[in-house]
Structures are given as C-alpha cells and as structure tokens.
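Whatever order the structure lists ligands and atoms in, that order sets their numbers, starting from 1.
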Amino acid sequence: MAISRRSFIKISGATFGAAAVAGGIGSRLLASGHGDYVPNPDTDGDQVIPSFCEICFWKCGILAHVKNGHVTKIVGNPDHPLSQGRLCPRGTGGTGLLYDPDRLKKPLIRKDVRGKQVFEEVSWEKALDYIAERLTELKKKHGPESLAIFNHGYGASWFKQLFKAYGTDNFGAPSYAQCRGAREKAFELTFGSPVGSPEKLDIENTRVLTLIGSHLGENMHNTQVQELANAIGKGAELVVVDPRFSTVAGKARYWLPIKPGTDTALLLAWMHVIIGERLYDIDYVEKYAIGLDKLTEHVKDKTPEWAAVETGIAPEVIVETARFIAGAHPSSLIHPGRRSNWHGNDTQRGRAIAVLNALLGTWGRKGGFFLPTSYAVPKVAAAKGISHTFREPPDVPEGQVVPFLGEALAHGLRDASLPGAKVAYPIKAWFVYGTNLVQALPEPQKTIEALKALDFVVAVDVLPAEITGWADVVLPEATYLERYDDLHAPPWKEGYVAIRQPVVPPLFDSKPGAWIASELGKRLGLSDYLHNDVEAYLDERLKKLGTNLAEMKEKGVLRQGKEPVFIEEGVEPTFATPSGKIELFSQQIADSGLNPLPEYTRLDGGPAGHFRLLVGRTPAHTFGRTTNNRFLSRVYDENAVWLNADRATELGFKSGDRVMVVNQDGATAGPITVRATQGIRSDCVYMVHGYGHTANGLQFASGRGADDTQLVTKVAIDPLMGGTGINVNFVRLERFEA
Ligand SMILES: Nc1nc2c(c(=O)[nH]1)N[C@H]1C(S)=C(S)[C@@H](COP(=O)(O)OP(=O)(O)OC[C@H]3O[C@@H](n4cnc5c(=O)[nH]c(N)nc54)[C@H](O)[C@@H]3O)O[C@H]1N2
Ligand SMILES: Nc1nc2c(c(=O)[nH]1)N[C@H]1C(S)=C(S)[C@@H](COP(=O)(O)OP(=O)(O)OC[C@H]3O[C@@H](n4cnc5c(=O)[nH]c(N)nc54)[C@H](O)[C@@H]3O)O[C@H]1N2
Ligand code: SF4
Ligand SMILES: [Mo]
C-alpha cells in the first residue's frame with residue numbers, strides 16, 4: 001500500500017479547468033469561477049463583520065465589509081487592541097487570498113496511473129475515509145508516534161486535539177526552531193519567561209529603541225509599527241544595527257552596519273562600557289538580578305577596541321552608542337528580535353540581548369517590556385480527556401544532547417523521517433497543516449529525501465503550495481474569512497478576547513479545519529475527545545464569560561479594561577528562574593557544560609569571492625504564503641538580490657541585471673534581479689524570503705524571483721536549544737543567460 005519514491009506532482013491550474021488568463025487582476029479573478037466579482041476596496045458593505053486576521057500570526061482585529069455575499073474590503077477593527085483601527089498592507093489584502101483563482105478547490109488523492117503519479121479529485125467522504133484507513137494502519141504497524149504533525153497558524157488547534165487523542169505529541173513548527181526559538185530560550189533562561197507572541201514590548205513609550213536586525217517596517221507587525229510611529233512622533237530615537245540600510249535605519253540616529261554574525265561582540269562591549277561607567281540601573285539590578293559580579297568580570301576584556309575588530313564598528317562609536325542607550329534607561333529597549341535563529345550561537349546572542357535589557361532595567365518598565373495581563377477565558381472540556389503518555393519526540397539524533405529543548409524541532413522530526421535515521425524511533429508519516437515545509441525548512445535536499453521515503457503524507461492548505469505537490473492526500477481548507485477558529489485571548493497590555501468567524505461561506509468545496517478534524521475524529525473513533533460542533537463549543541465557552549456566540553459575533557472583541565502592567569504602576573515582577581531572580585549568570589547553563597555568561601563565537605568566513613546570504617521580509621508579503629496574492633503583488637511582485645554597489649562594479653553587475661545565485665555547495669536559485677546599492681555591506685547579499693515558487697499551480701507566483709531556501713543547504717545548530725541558524729551559507733552571482 002505504501003507509496004515509495006513519491007514524486008512531486010504539479011497541481012496545475014488546468015486541473016480545475018481554470019484557464020491561465022494573461023493580464024490583470026480582473027481577468028485572473030474571472031478565471032476563478034467566482035462570477036465576475038472583482039473586490040472594489042472603495043465599496044462599503046451592507047454588513048460589517050468583525051473577526052481576526054491570519055495573513056500573518058499577529059492576529060489583528062478586522063472588520064470585513066460584505067455586500068451581495070462578497071467581501072469588498074477589510075479594514076482594522078478600532079475596538080481591537082492589536083489593530084486599533086488599522087491593518088498592515090497585508091491584512092487589507094485578505095480578499096486577494098479569498099478570491100485567489102488558484103485556491104485548492106477539491107480534495108485530491110495521489111494515484112498511480114500506468115506508472116505515473118497523478119492527482120484525482122475526490123469527495124470529502126472518500127478523502128477522509130482514505131486518510132482514516134491509512135492512519136489506522138500506520139498506528140497498528142508503527143505506533144501512533146510514527147506520525148508527525150507540522151503546523152503553522154491558529155487553525156492548527158483542532159488538529160492538535162485530534163492527534164493527541166490519536167496518540168502522538170510530535171508537533172513541529174518551523175516557526176520555532178527556524179524562527180523564535182533561540183530568543184524564547186534566551187529570555188526564559190534570563191527572566192524565567194519567554195518574550196511570547198505578540199511580543200510584550202512597550203515600544204510606544206520607549207525613548208531609545210535599539211534594533212539588532214529586527215527590520216521593523218519591512219517586518220510589518222502592525223502594532224509594533226504603529227507604536228514605533230507614535231514613539232518617533234514623541235521624540236524617541238533609534239539605534240539600528242544591521243549590515244543593510246533597512247527602511248528603519250533610514251529613521252535612526254545611529255545606523256551601525258555591523259559585520260554579520262558579530263552582534264554578541266557589540267553587545268558585550270556595550271555592557272563593558274555601561275558596567276564600567278556605572279550607567280546601568282543600579283537599584284533595579286541590585287533588587288532583581290543575580291550574577292553582576294561574574295558578568296563584570298566576563299566583560300572586562302570585551303573592550304570597544306576588541307569589539308571593533310570583530311564587528312567593523314569604530315570603538316568611539318561603540319562607546320558613544322553605549323552611553324546613548326544607557327542614558328535613556330529604563331525606557332531604552334533593546335528589541336529582542338523574532339527570527340533569531342541566525343548563526344548557531346543564537347541563544348547566546350539572545351542572552352546578551354536579555355542581559356543588556358536587565359542592566360537597563362527594562363523588564364516590567366514603561367518603554368520596555370510590560371508584564372502582561374490576559375482575559376481569563378475558561379476552557380470547555382470534551383466528553384473524554386486525553387490520558388495518554390507520549391513518547392518523547394525523536395527530534396534529536398541518539399547520542400546528541402540539546403540541554404534546553406523547547407518545542408519539538410521541526411527539522412529534527414524531518415530528519416527522523418530519513419531512511420536510516422539514528423533516532424529512538426522513526427517517523428513514517430506526516431500530517432502538514434498550514435506550513436510549506438519545502439520552503440520553510442532549511443536543507444531542502446533533506447526535506448525532499450524524507451518526502452520521497454515516507455509511507456504517507458497529508459497536506460491541509462488553502463493554496464497549491466509546494467508541499468501539497470508532495471502529499472498523498474490534499475485537503476482544501478476554507479480560508480480564515482470563511483471559518484470559525486478558537487477564541488483568541490493572548491497575554492497583552494490589556495486583557496481581551498476576540499472571535500474568528502466566517503464572514504462569507506466557504507468557496508468551492510473547501511471546509512473549515514474544525515470540521516475536517518471532527519470528521520477525521522469520527523472515522524478514527526476519537527469523537528469523544530473532540531469538540532464536534534464548533535458553534536456549540538464557542539457558545540459554551542462564551543457563556544462562561546457571561547456572553548454568548550450571537551453577542552460575540554456582533555461585538556468581535558471583549559476588553560477587560562486597563563490594568564497595571566508596569567512596576568511603575570505597582571506590579572511586582574516575578575521571575576520563574578531557579579533563583580527567582582533575573583539571571584545575568586545562569587547556573588542552569590553552567591550545569592549543562594556551556595557558558596553561563598553570554599558568549600561570543602567568531603564565525604567562519606566563506607569561500608573566496610562569496611557573500612554571506614542574508615534574508616528578510618517585505619512589508620507587502622508574508623513569506624511565500626502571500627506571493628501568489630494578486631492584490632499584494634501589485635506593490636511587490638518579485639524579490640531582488642541586494643549587492644553592494646562597489647562590489648557590483650568590480651564584478652561587472654548593475655541594477656536590473658538578471659543573475660543566478662549559486663551557493664558554496666553548488667545549489668542555485670533564480671533567476672533574480674540585481675539591486676546594486678550602497679545600502680549593504682560588501683561582505684553579504686540580501687533577499688526577501690518567499691519567492692521563487694516552483695509549484696505551477698501558483699500561477700502568479702510560480703517562477704518569480706528566487707527562493708533563498710534552495711541556498712540553505714547548510715545550517716549551524718544552536719548548542720543550547722537545537723535550532724538551525726541559516727545565515728551561514730555563502731553565495732556568488734552568475735550572469736543569467738536566458
Ligand atoms: N511584512 C512581513 N512582516 C513579517 C513577516 C513577513 O513575512 N512579512 N514575518 C514575521 C515573522 S514570522 C518573523 S519571524 C519576523 C522576522 O523579522 P525579524 O525578526 O526582523 O527578522 P530578522 O531575521 O531578525 O531580520 C532581518 C534583518 O536582519 C538583518 N541581518 C541579517 N544578518 C544580520 C546580523 O548578523 N546582524 C544584524 N544585526 N542584522 C542582521 C537583515 O539585513 C534584515 O534587515 O517578521 C515578521 N513580520
Ligand atoms: N530560507 C528561509 N526559511 C525560513 C525563513 C526564512 O526567512 N528563510 N523564515 C522562517 C520563519 S521566521 C518562519 S515563521 C517559518 C514560516 O514558514 P511556514 O511555517 O511555512 O509558514 P507560512 O509560510 O506562513 O505557511 C504557509 C503555508 O500555509 C498555507 N496557508 C495559508 N493560510 C492557511 C490557512 O488558513 N489554512 C491552511 N491550512 N493553510 C494555510 C499557505 O498556502 C502555505 O502553504 O519559515 C522559516 N523558514
Ligand atoms: S500584522 Fe498585518 S497580516 Fe499580520 S495579522 Fe495584523 S493585519 Fe494581518
Ligand atoms: Mo517567524
């Protein structure tokens with residue numbers, strides 16, 4: 001039964017009878033089979049329905065305008081604390097996803113026809129029966145933990161419940177070990193609490209904001225960008241540390257074009273100056289922190305002169321910026337960053353950021369980190385609780401030690417799926433929800449090898465992304481505008497609870513995740529462990545809050561009202577570290593045999609004539625999940641490779657040239673357009689992630705720009721938390737001959 005040597009099947013637009021019409025957005029939408037409807041963002045709706053966004057993971061409150069059954073526009077909900085009436089450009093482009101002509105429309109099953117693998121459109125009944133049959137067989141043969149679930153997005157909660165009931169706790173998300181993981185561990189080790197998402201930052205009241213990489217404004221988390229604009233309006237100043245002249249560097253008092261991978265040296269030198277000149281928050285550190293003596297000793301030789309050699313930043317600039325940053329404490333925030341798995345030594349860099357914040361007294365302070373509150377929303381239990389004891393995920397090879405594991409490592413679960421993997425037990429099947437593993441996981445060669453070897457792969461998606469072409473069964477989910485998900489009540493400055501609800505019924509034959517999980521549950525005999533009627537479930541939860549579903553559908557969000565969230569307002573911080581204090585020195589890390597004080601590791605340089613590959617975001621897109629969105633692509637439809645202008649001249653390239661990007665292992669990506677600029681150092685190049693799709697079902701995005709993932713054939717593993725640093729690949733540019 002098992003399909004070996006699974007191959008990539010192109011889900012083409014033609015499968016669905018949608019002609020590939022050349023031309024503008026209108027004709028593309030006509031091809032969607034959704035009548036002649038083209039959303040007009042100037043049209044107000046007859047109905048205005050509140051919900052929350054899923055174009056990225058910030059979850060801003062939206063108001064969807066609906067007229068004649070169509071969504072005309074999406075605007076920010078003024079009652080929602082994260083959007084405060086405004087959305088980022090991506091959020092307003094949600095209609096471009098809803099009406100994307102390339103959406104997955106019917107369940108698909110892989111079939112072998114005369115030795116050739118093809119997809120067949122099937123009914124939901126047939127697709128779900130088939131998955132249940134295969135998962136039952138898998139459990140019998142290899143045990144439930146041989147199934148790994150990969151996920152991203154809020155809708156995954158239904159599947160987490162389902163698969164825990166099935167018997168596996170092997171959930172991996174690239175948004176941990178490839179993203180926030182190092183930062184979260186670093187802050188946990190220092191303050192006893194991760195930064196979390198949405199990050200608990202009071203950017204609004206900060207006087208000096210220091211950004212290490214974090215390219216706010218291109219990295220477009222709505223609330224942070226709004227708060228930054230307000231802070232600048234009130235006179236806040238910025239220190240931007242970035243090898244590239246980012247958008248936000250253009251607004252900074254200081255731009256420090258640092259040599260990539262040397263931030264920890266800069267941070268240690270700043271500490272050297274701040275401790276040496278007693279510019280830190282002396283009372284705060286005395287009251288809340290331990291280990292200042294050891295830190296002082298540790299940074300004694302980390303002089304600005306020492307750091308200058310590492311970072312390429314002049315010693316006097318290091319001293320001046322250290323004084324400038326300390327001068328504004330405690331409203332002087334060193335942004336913790338988000339995508340922090342860069343070079344392998346990342347938890348140590350995160351520790352340096354956390355420790356510097358501690359010296360500045362920012363944790364729990366206005367203009368620093370707030371101490372969040374949340375709206376207490378009682379849970380509602382299913383008929384049966386899950387009492388299974390799960391086997392540890394096989395995400396770390398036998399013999400390797402990762403002392404501070406957090407969430408399961410997504411790449412580790414992938415590696416446990418490779419033939420011959422040295423793990424406690426192998427992974428044999430994947431259930432993939434809302435993550436395009438082919439672009440999201442580094443070392444794509446391993447991802448493909450695993451996909452070829454697995455017994456069974458299911459992908460739940462909204463678009464025919466690369467991962468769906470590797471699945472045995474593809475399930476078309478309804479978009480966030482067509483479904484309920486669970487209530488959202490995150491820790492924030494003010495407690496609130498928000499609802500996601502369908503603003504229009506699902507298009508085509510797509511179905512909400514809650515329904516899919518419930519139907520699979522029925523077939524697996526697990527219904528008692530699930531909430532099978534999403535409306536009844538939400539209503540019951542809301543009744544416990546003294547409201548109900550009907551009322552909440554009108555209101556969209558309930559707010560708890562302002563509560564104290566700062567030490568200045570009388571909140572006493574608690575630190576869930578072993579000592580109960582902020583740990584400048586970490587005994588936990590010492591016990592694991594690693595450096596208990598933030599440690600700088602010098603990186604290897606690349607081969608001669610190569611540039612370090614750096615990646616980032618564009619304000620108009622979320623990774624590759626929106627690059628097929630025609631509305632958002634009106635602004636930015638292809639990535640470019642940033643190359644230092646002097647180097648470009650030396651190498652004979654100019655802006656607009658088409659090149660292939662080739663890495664140290666001979667892997668290639670492109671063609672892509674050169675952007676020759678003085679706004680980047682000469683030792684690195686930069687591109688936005690999420691382009692260069694190869695799935696031709698993504699009729700708009702396919703073949704546009706280059707996919708950086710193809711060039712990430714190498715990673716550096718974080719010795720503390722096991723994440724993959726991806727900024728360790730080196731590339732050169734070759735002229736593209738068409
Ligand atoms: N518009 C938009 N916004 C997004 C997203 C999106 O897809 N689109 N994705 C969201 C997600 S999930 C994440 S994780 C975040 C990611 O956004 P960030 O957390 O800001 O990502 P980074 O990788 O830290 O930042 C990339 C920046 O770091 C710089 N950089 C590269 N190497 C170095 C270095 O060694 N040192 C220093 N100091 N700087 C360096 C790059 O030049 C670039 O400007 O964005 C979030 N916001
Ligand atoms: N090379 C490289 N790799 C990276 C990064 C990088 O910058 N460069 N960034 C890293 C970071 S910071 C992160 S957070 C990860 C994120 O990477 P992923 O986990 O892959 O996240 P997305 O790109 O948002 O996932 C997109 C998939 O979800 C689908 N999708 C969109 N909406 C829905 C929905 O409502 N339901 C379902 N079922 N599917 C949906 C999209 O069509 C797409 O296939 O990637 C990491 N990997
Ligand atoms: S930041 Fe933008 S894309 Fe993300 S949830 Fe908010 S509006 Fe949506
Ligand atoms: Mo991320």
Side-chain angles (χ1 to χ4, degrees), residues 52-62 74-76 80 82-83 86-94 97 100 102-104 150-156 159 172-181 197-198 219-226 338-342 410-411 432-444 459-468 475-483 485 500 510 512-513 516 613-617 619-629 632 669 687-690 693 695 698 707-712 715 724 726-727 729:
F52 61 86
C53 185
E54 183 83 12
I55 298 294
C56 86
F57 311 96
W58 200 252
K59 304 182 187 74
C60 299
I62 60 170
I74 302 172
V75 297
H80 193 286
L82 294 187
S83 45
R86 276 179 288 166
L87 299 179
C88 85
R90 299 169 297 156
T92 59
L97 171 66
D100 190 320
D102 301 332
R103 272 182 62 179
L104 292 170
F150 293 90
N151 63 97
H152 201 190
Y154 205 56
F159 295 95
S175 56
Y176 183 73
Q178 282 66 49
C179 173
R180 298 165 290 118
S197 179
N219 149 10
M220 193 36 96
H221 280 152
N222 186 13
T223 326
Q224 292 197 10
V225 175
Q226 286 189 34
R338 186 173 177 106
R339 194 183 78 78
S340 48
N341 280 93
W342 287 353
H411 62 282
V432 186
Y433 176 90
T435 170
N436 190 12
L437 295 176
V438 180
Q439 271 199 345
L441 288 176
E443 303 176 289
V460 185
D461 209 300
V462 292
L463 287 169
E466 283 74 14
I467 185 67
T468 63
L475 300 179
E477 193 181 24
T479 66
Y480 72 103
L481 294 167
E482 306 163 299
R483 65 177 199 243
D485 272 317
R500 170 171 290 154
S510 67
I516 301 171
L613 174 65
L614 308 182
V615 300
R617 312 286 178 238
H621 285 289
T622 307
F623 323 108
R625 66 158 48 212
T626 61
T627 43
N628 203 56
N629 184 317
L632 296 177
M687 67 172 81
V688 168
H689 171 65
H693 279 291
L698 299 171
D707 174 14
D708 60 307
T709 309
Q710 297 310 314
L711 304 165
V712 184
V715 295
T724 55
I726 66 169
N727 298 10
N729 289 274

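Of the protein's heavy atoms, Phe623 CD1, 3.3 Å lies nearest to atom 23 (O) of ligand 2. Gln178 O, 3.6 Å is the protein heavy atom nearest to atom 10 (C) of ligand 2. The single protein non-hydrogen atom nearest to atom 45 (O) of ligand 2 is Ala440 CB, 3.7 Å, given as residue, atom name and distance. For atom 32 (N) of ligand 2, the nearest non-hydrogen atom of the protein is Arg625 NH1, 3.3 Å. Protein heavy atom closest to atom 40 (C) of ligand 2, with residue, atom name and distance, is Val462 CG2, 3.7 Å. Of the protein's heavy atoms, Gly434 O, 3.3 Å lies nearest to atom 25 (O) of ligand 2. Residue, atom and distance of the protein heavy atom nearest to atom 21 (O) of ligand 2 are His152 ND1, 2.7 Å. Looking from atom 36 (N) of ligand 2 to the surrounding protein, the closest heavy atom is Glu477 OE1, 2.7 Å.
Side-chain contact of Arg180 with Ser197: a donor-acceptor pair under 3.5 Å is absent, judged by distance alone.
Ligand 2 places these atoms under 4.0 Å from at least one heavy atom of Arg483: 34 (C), 35 (O), 36 (N). Listed by atom number, the atoms of ligand 2 under 4.0 Å from Ser175 heavy atoms are 14 (S). In the vicinity of Thr709, heavy-atom distances shorter than 4.0 Å reach the ligand 2 atoms 1 (N), 2 (C). Residue Cys179 has at least one heavy-atom neighbour below 4.0 Å for each of these atoms of ligand 2: 11 (C), 12 (S), 14 (S). In summary, the atoms of ligand 3 found under 4.0 Å from a heavy atom of Met220, numbered by their order in the structure, are 1 (S). The Val615 neighbourhood of ligand 2 comprises atoms 7 (O), with distances under 4.0 Å to a heavy atom of that residue. Taking every non-hydrogen atom of Ile726 and a distance limit under 4.0 Å, the qualifying atoms of ligand 2 come out as 1 (N), 2 (C), 8 (N).
Of the candidates Val460, Asp708, Val438, Ile467, it is Asp708 that places a heavy atom closest to atom 8 (N) of ligand 2. The heavy atom nearest to atom 29 (C) of ligand 2, considering only Thr435, Asp461, Leu97, is found in Asp461.
Across Tyr154, Trp58, Tyr480, a single residue satisfies ring pair (Phe, Tyr, Trp, His ring centres under 6.0 Å) together with Phe52, and that is Tyr154.
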*Evaluate the criterion side chain to side chain contact (heavy atoms under 4.5 Å, CB included) for residue pair Asp461 and Val432; output intermediate values, then yes/no.*
CA-CA 8 Å; Asp461 209 300; Val432 186; over 6 Å; no

*asked:* Checking His693 against Asn628 for the side chain to side chain contact (heavy atoms under 4.5 Å, CB included) test, could you report, in this order, the C-alpha distance in whole Å, the side-chain angles of both residues, the deciding distance, and whether it holds?
replied: CA-CA 9 Å; His693 279 291; Asn628 203 56; 6.0 Å; no

*asked:* If you apply the rule side chain to side chain contact (heavy atoms under 4.5 Å, CB included), what do you find for His80 with Ile62, and how did you get there?
replied: CA-CA 8 Å; His80 193 286; Ile62 60 170; over 6 Å; no

_Run the side chain to side chain donor-acceptor pair (under 3.5 Å) test on Thr709 and Gln439 for me, step by step, so that the C-alpha distance in whole Å, both residues' side-chain angles and the decisive distance to 0.1 Å come before the verdict._
CA-CA 6 Å; Thr709 309; Gln439 271 199 345; 5.8 Å; no

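Only the backbone of Gln439 comes within contact range of ligand 2, with a heavy atom under 4.0 Å; no side-chain atom does. Proximity of Asn436 to ligand 2, defined as any heavy-atom pair under 4.0 Å, is shared by backbone and side chain alike. Contacts of Gln710 with ligand 2, taken as heavy-atom pairs under 4.0 Å, are absent altogether. Residue Ala465 touches ligand 2 through its side chain alone, judged by heavy-atom distances below 4.0 Å.
Assignment of Arg617 to the shell around ligand 2 is supported, since a heavy atom sits closer than 4.0 Å. In this structure, Phe57 has a heavy atom closer than 4.0 Å to ligand 2.
The distance criterion of under 3.5 Å between nitrogen or oxygen atoms is not met by Glu54 with respect to ligand 2. Close N/O approach between Tyr480 and ligand 2 is not found [any backbone or side-chain N/O within under 3.5 Å].
In this structure, the side chain of Trp342 engages the main chain of Arg339 through a donor-acceptor pair within 3.5 Å. A side-chain donor-acceptor contact under 3.5 Å links Asn629 to the backbone of Gly93. Checking side-chain atoms of Asn222 against main-chain N and O of Arg86 turns up a donor-acceptor pair under 3.5 Å. A donor-acceptor pair under 3.5 Å links the side-chain atoms of Ser340 to the main chain of Cys179, judged by distance alone. Distance alone, capped at 3.5 Å, places no donor-acceptor pair between the Asn151 side chain and the Ala173 backbone. Checked by atom type and distance alone, the side chain of Arg90 pairs as donor or acceptor with a backbone atom of Met220 at under 3.5 Å. Counting only distance, with no hydrogens or angles, the side chain of Glu466 and the backbone of Ala695 share a donor-acceptor pair below 3.5 Å. Using modelled atom types, one side-chain atom of Thr223 and one backbone atom of Leu82 make a donor-acceptor pair closer than 3.5 Å. Between the side chain of Thr468 and the main chain of Ala459, no donor-acceptor pair closer than 3.5 Å is present. When atom types are taken as modelled, the side chain of Arg483 and the backbone of Ala478 share a donor-acceptor pair closer than 3.5 angstrom.
Relative ring orientation between His152 and Phe623 is described as tilted, the plane-to-plane angle lying within the 30° to 60° band.
The shortest heavy-atom contact between Ile726 and Asn729 is O-ND2, 3.2 Å.
Around atom 8 (Fe) of ligand 3, the protein atoms of type N, O or S that sit closer than 2.8 Å are Cys53 SG.
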